[in-house]
J.: 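Okay, handing you the structure first.
From a predicted model like this one, the values you see are computed outputs, not experimental measurements. Quick note on labels: first sequence line is chain A, next is B, and so on, each numbered from 1.
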Amino acid sequence: MEISLKDGSKIVYDSPISIAEIAKNLSEGLYRIAAAAKVDGELVDLSTIVDKDCSLEIVTVKDKDGLQVLRHTCSHVLAQAVKNIFPTSKLAIGPTIDNGFYYDIEFKTPITQDDLIKIENEMKAIIKSDLPIERLVYSKKDALKIVKDFCEPYKVELINDLPAGAVISFYKQGDFMDLCRGPHLPSTGKIKAFKLTSITGAYWRGNEKNKMLTRIYGTAFDKKSDLDEYIEKLEQAKLRDHNKLGRDLGIFMTEEVIGQGLPILMPKGAKILQILSRFVEDEEEKRGFMITRTPYMAKNDLYRISGHWDHYRDKMFIIGDENSPEAMALRPMTCPFQYQIYKNGLKSYRDLPCRYSETATEFRNEASGEMHGLIRIRQFTLSDGHIICTPEQVESEFKRCLDLSYYFLDCLGMKDDVSFRFSKRGKNKDKYIDNDKAWNETEALMKKILDDIGLTYVEAEDEAAFYGPKLDVQSKNVYGKEDTLITIQLDFAAAHSFEMTYVDENGEKQYPFVIHRSSIGCYERTLANLIEKYGGAFPFWICPEQVRVMSLTERTSDYAKELVLKLKAAGLRAEADVRNEKIGYKIREAQMEKIPYMFIVGDKEKESETVSVRSRKNGDLGVKSLDEIIAELVEEDKSKRV
RNA sequence: GCUACUGUGGCUCAGUCGGUAGAGCAGCUGAUUCGUAAUCAGCAGGUCGGCGGUUCAAGUCCGCCCAGUAGCUCCA
């Protein structure tokens, strides 16, 4: 048989041979780092016997796929160690994830941080003894018997869900055996560096009605230095955590007496939100939106029409007895309010599209465990808006929405940090408005639009709004957790439920389409992203304080104050520091507050009407004339450069 | 909401076996008037997240609650 390798070369063998042998023949070095192999593109164990013509690629621990295999094997080592120390524990699942792996396990009693160290030590012993890993294949019936003998109820459930004729593989290392599709490393000794990172809870099969298991997270690498580098990177990321940095920089705070999920934006944070929202409102107006101001609350009747009362009530703050006809609720969104504006007066096809936007404060009663810094809160301000248009206009309006959001992301320097998710309806139809035809048509329409634009996106089941599919712009926080930053949604139902219509060219009544959209997202969440992206050192145009003028001695404090007035008159945000402190001390404070420019004024500058300019990034820039530097900064502010 | 962990001056942290709370920075006062990341000295600041319990005695042990963190579930 003939085996073609990745580099184009071919080798010929007369009789069946294991991939491990082939690797060994190719090179000892390759054999040492081999983790698995790809046969005709399919990832398999090194122990696989090749007996016919095929293409072969040896996957090493240096490859992305190989690292995944290594981590997967490490999760088995974790499971083995746990079973050794806690024989009564029950194993659920142990997959790899982006940065490592986890294993979900049911323990008789909760385990502690100390247990984690014990488990790590046991894992080290298993790795050190370099147990060979063997793949075993069974029929469904035999597989069930094995896991029943092992008293592993979760594995029984997993196998029961597999089709009747399925070939079921197990992997055995020493006296430990686990149900697994594989592939795995040839032996445990190939894991060179690992660390168990945290213990958390996780529901069996991701369903909150199921039992909560203990999830042990870990990560593994093929060298110690890679692990150290990873840990160092995590430490660095933590320094940018908006929830810490945002508080340290005086951007926001929370107060126990106010309540969970209700952050206070302090002057700096409020200023940033004002800068962003003014920019957004002005740009939206340029692009044909009409700004609205609608009530923060409404009678329950409004939410009954919109469907929120049925689909969203547990997330709403209800005022008064929810069973009373008088019950009011704080708005969790602005849509039904803006619809009333549309309904005020007859609409002609000539009036469409109607584009309404609002810097909208909204209220959602998130579960207590969901709150996080500025990213998940109970009162937030969304750059909300709704476009009511004819079916023919949907495509161009949708594209305009995306274009606007993309423009804002560009101005924030974030366009390369986001990914796109096409969020569709899932199998659990209770969560969605019941209209298969409309769902299918709308999802197909959105897909067409996205493909037309040539957008790179992932499709996600069961992530749609209850009234239609969404395009979500996703961003990750410093810990790698993904959240939706911006969303553009198609709604086929609202026009019908709210009786929104327009009169077409033939004088006939028609139902329009509704696009729900955010342009820059929720301001608090966007601010959180900005803090983390820039580590608090915001682009010049966003900085709440752009320039700090520092007097060198008391003799120049009046000059410093005068400069601040001039800067403010030029539309720049500036403050004076005329305290009786050494200049190094004032500079140090301004640097730590991440203020982009410092003007240092002593007797020389006062005399010559100049300033000594220092940038937070490049240090001392030398002496400049006042007019020159003000003109430069005004230009930088206007440019919205990042 | 669920699982685990955390909570000591504004911030960062110490506080041993249960025996009257301690430091640095920040703050205030005074001195210093200084050229690009911390001048010196003094003073003041705490119901140890809250409530209850055990005890002669609780920051420390127990229970409940509040808030925060990671993850799950949910979601902008």
J.: When you look at A/Gln546 and A/Tyr597, which way does the side chain to side chain donor-acceptor pair (under 3.5 Å) test go after all the steps?
T.: CA-CA 6 Å; A/Gln546 296 171 308; A/Tyr597 290 100; over 6 Å; no
J.: Measure from OH on A/Tyr467 to P on B/C75 and round the result to the nearest Å.
T.: 12 Å
J.: Kindly point out which of B/C75, B/A37, B/G71 is positioned nearest to the side chain of A/Arg376?
T.: B/C75
J.: Who pairs with A/Gln68 by side chain to side chain donor-acceptor pair (under 3.5 Å), at least two apart in sequence or on another chain?
T.: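 So A/Gln68 forms a side chain to side chain donor-acceptor pair (under 3.5 Å) with A/Thr96.
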J.: Begin from the C-alpha positions of A/Ser423 and A/Asp472 and carry the test side chain to side chain donor-acceptor pair (under 3.5 Å) through to its verdict.
T.: CA-CA 7 Å; A/Ser423 298; A/Asp472 293 319; 2.6 Å; yes
J.: Considering just the side-chain nitrogens and oxygens of A/His372, establish if one lies under 4.0 Å of OP1 or OP2 belonging to B/G71.
T.: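 So the side-chain polar atoms of A/His372 never come under 4.0 Å of the phosphate oxygens OP1 or OP2 of B/G71.
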J.: For the pair A/Glu461 and A/Arg425, find out whether any cationic side-chain nitrogen is under 4.0 Å from an anionic carboxylate oxygen.
T.: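 Between A/Arg425 and A/Glu461 there is no salt bridge, as every charged N stays at least 4.0 Å from the carboxylate O atoms.
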J.: Would you list the pairs meeting ring-ring contact (aromatic ring centres under 6.0 Å, His included) in which at least one residue belongs to residues 232-258 of chain A, sequence neighbours left out?
T.: A/His242-A/His372
J.: Looking at residues at least two apart in the chain, or sitting in another chain, which of them share a ring-ring contact (aromatic ring centres under 6.0 Å, His included) with A/Tyr559?
T.: none
J.: Between A/Arg525 and A/Gly259, which has a closest nucleotide on RNA chain B that is more 5'?
T.: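 Nearest nucleotide further toward 5': that of A/Gly259.
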J.: Any ring-ring contact (aromatic ring centres under 6.0 Å, His included) pairs touching residues 89-123 of chain A, not counting sequence neighbours?
T.: A/Phe86-A/Phe107, A/Tyr102-A/Tyr217
J.: Considering residues at least two apart in sequence or located in another chain, which fulfil the ring-ring contact (aromatic ring centres under 6.0 Å, His included) criterion with A/Tyr523?
T.: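 Partners of A/Tyr523 under the ring-ring contact (aromatic ring centres under 6.0 Å, His included) test: none.
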J.: Determine the Euclidean distance between corresponding P atoms of B/G46 and B/A4; express it in Å to zero decimal places.
T.: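 36 Å, rounded to whole Å.
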J.: Rounded to whole Å, how long is the line connecting atom CE of A/Met592 with atom P of B/A37?
T.: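 Answer to the nearest Å: 13 Å.
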J.: Looking only at atom C1', what distance separates B/U20 and B/C56, rounded to whole Å?
T.: 15 Å
J.: Please check the phosphate of B/A37 (OP1 and OP2 only) for any side-chain N or O of A/Arg614 closer than 4.0 Å.
T.: yes
J.: Does atom CZ (A/Arg579) have a neighbourhood of more than 12 heavy atoms from anything else shown, all under 6.0 Å?
T.: yes
J.: Nearest of B/G35, B/A67, B/U73 to any side-chain atom of A/Lys481?
T.: B/U73
J.: For atom C1', what is the distance between B/G49 and B/U60, given to the nearest Å?
T.: 16 Å
J.: Respond yes when some side-chain nitrogen or oxygen of A/Gln260 is under 4.0 Å from OP1 or OP2 of B/G68, and no when none is.
T.: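 Result: yes.
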J.: Suppose we call two aromatic rings close when their centres sit under 6.0 Å apart. Are A/Tyr467 and A/His311 close by that rule?
T.: no
J.: How many angstroms lie between CG in A/Leu530 and CD1 in A/Ile542, if you round to the nearest 0.5 Å?
T.: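 Taking CG in A/Leu530 and CD1 in A/Ile542, the distance rounds to 5.0 Å.
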J.: What pairs of nitrogen or oxygen atoms, one from the protein and one from nucleotides 25-28 of chain B, lie under 3.5 Å apart?
T.:
unit_1: B/A26; atom_1: OP1; unit_2: A/Tyr585; atom_2: OH; d: 3.3

J.: Nearest-nucleotide wise, let me know which of A/Arg364 and A/Arg205 is further upstream toward the 5' end of RNA chain B.
T.: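 Looking at RNA chain B, the more 5' nearest nucleotide goes with A/Arg205.
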J.: Provide, to the nearest angstrom, the distance between the CE atom belonging to A/Met371 and the P atom belonging to B/U73.
T.: 18 Å
J.: By nearest atom, which of the nucleotides B/A37, B/A76, B/G35 is closest to the A/Gln591 side chain?
T.: B/A37
J.: Can you tell me which nucleotide in B/A37, B/C75, B/C2 comes closest to the side chain of A/Tyr203?
T.: B/C2
J.: Before accepting this row, confirm whether a basic side-chain N of the pair A/Lys424/A/Asp462 lies closer than 4.0 Å to the acidic partner's carboxylate O.
T.: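 Looking at A/Lys424 and A/Asp462, the cut-off is not met.
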J.: Is it the case that A/Arg205 places NZ or CZ above or below the six-membered ring of A/Tyr154, under 6.0 angstrom from the centre and within 45 degrees of the axis?
T.: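 No, a cation-pi geometry is absent between A/Arg205 and A/Tyr154.
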J.: Give, ordered by number, those residues of residues 90-97 of chain A having at least one heavy-atom distance below 4.0 Å to an atom of RNA chain B; if nothing qualifies, reply none.
T.: none
J.: Going by the salt bridge (charged side-chain N to carboxylate O under 4.0 Å, His left out) test, which pairs reach into residues 235-258 of chain A, not counting sequence neighbours?
T.: A/Glu235-A/Lys238, A/Lys244-A/Asp248
J.: A/Thr556 side chain to A/Val601 main-chain N or O, any donor-acceptor pair under 3.5 Å?
T.: yes
J.: Given that both pair distances must be under 3.5 Å and the pair must be Watson-Crick or G-U, what runs of three or more consecutive pairs involve RNA chain B?
T.: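 So far as stems of 3 or more pairs are concerned, RNA chain B shows B:1-7 with B:66-72, B:10-13 with B:22-25, B:27-31 with B:39-43, B:49-53 with B:61-65.
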J.: If the sugar-phosphate is the primed atoms plus P, OP1 and OP2 and the base is the rest, what is the B/S/- string for nucleotides 42-47 of chain B, using protein heavy atoms under 4.0 Å?
T.: ------
J.: Can you say whether a donor on the side chain of A/Glu605 sits under 3.5 Å from an acceptor on the base of B/G35, or the other way round?
T.: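 Check passes, donor-acceptor contact within cut-off.
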J.: Please determine if a side-chain N or O atom of A/Lys582 lies less than 4.0 Å away from the OP1 or OP2 oxygen of B/C40.
T.: no
J.: Please identify which of these residues, A/Leu412, A/Leu485, A/Ile486, A/Thr359, meets the side-chain contact (heavy atoms from CB on, under 4.5 Å) condition with A/Ile520.
T.: A/Leu412
J.: Figure out the NZ/C1' separation between A/Lys476 and B/A70, and round it to whole Å.
T.: 17 Å
J.: A/Trp439: which residues meet the ring-ring contact (aromatic ring centres under 6.0 Å, His included) condition with it, sequence neighbours left out?
T.: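 With neighbours one apart ignored, the set is A/Tyr432, A/Phe492.
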J.: Are the ring of A/Phe380 and the base ring of B/A76 both nearer than 5.5 Å at their centres and tilted by less than 30°?
T.: yes
J.: Please determine, for the side chain of A/Thr484, which listed nucleotide (B/A76, B/U73, B/C34) has the closest atom?
T.: B/A76
J.: Polar pairs (N or O, both sides) under 3.5 Å between protein and nucleotides 3-10 of chain B?
T.:
unit_1: B/U3; atom_1: O2; unit_2: A/Gly201; atom_2: N; d: 3.3

J.: For A/Glu545, is there an ion pair with A/Lys268 - N to carboxylate O distance below 4.0 angstrom?
T.: no
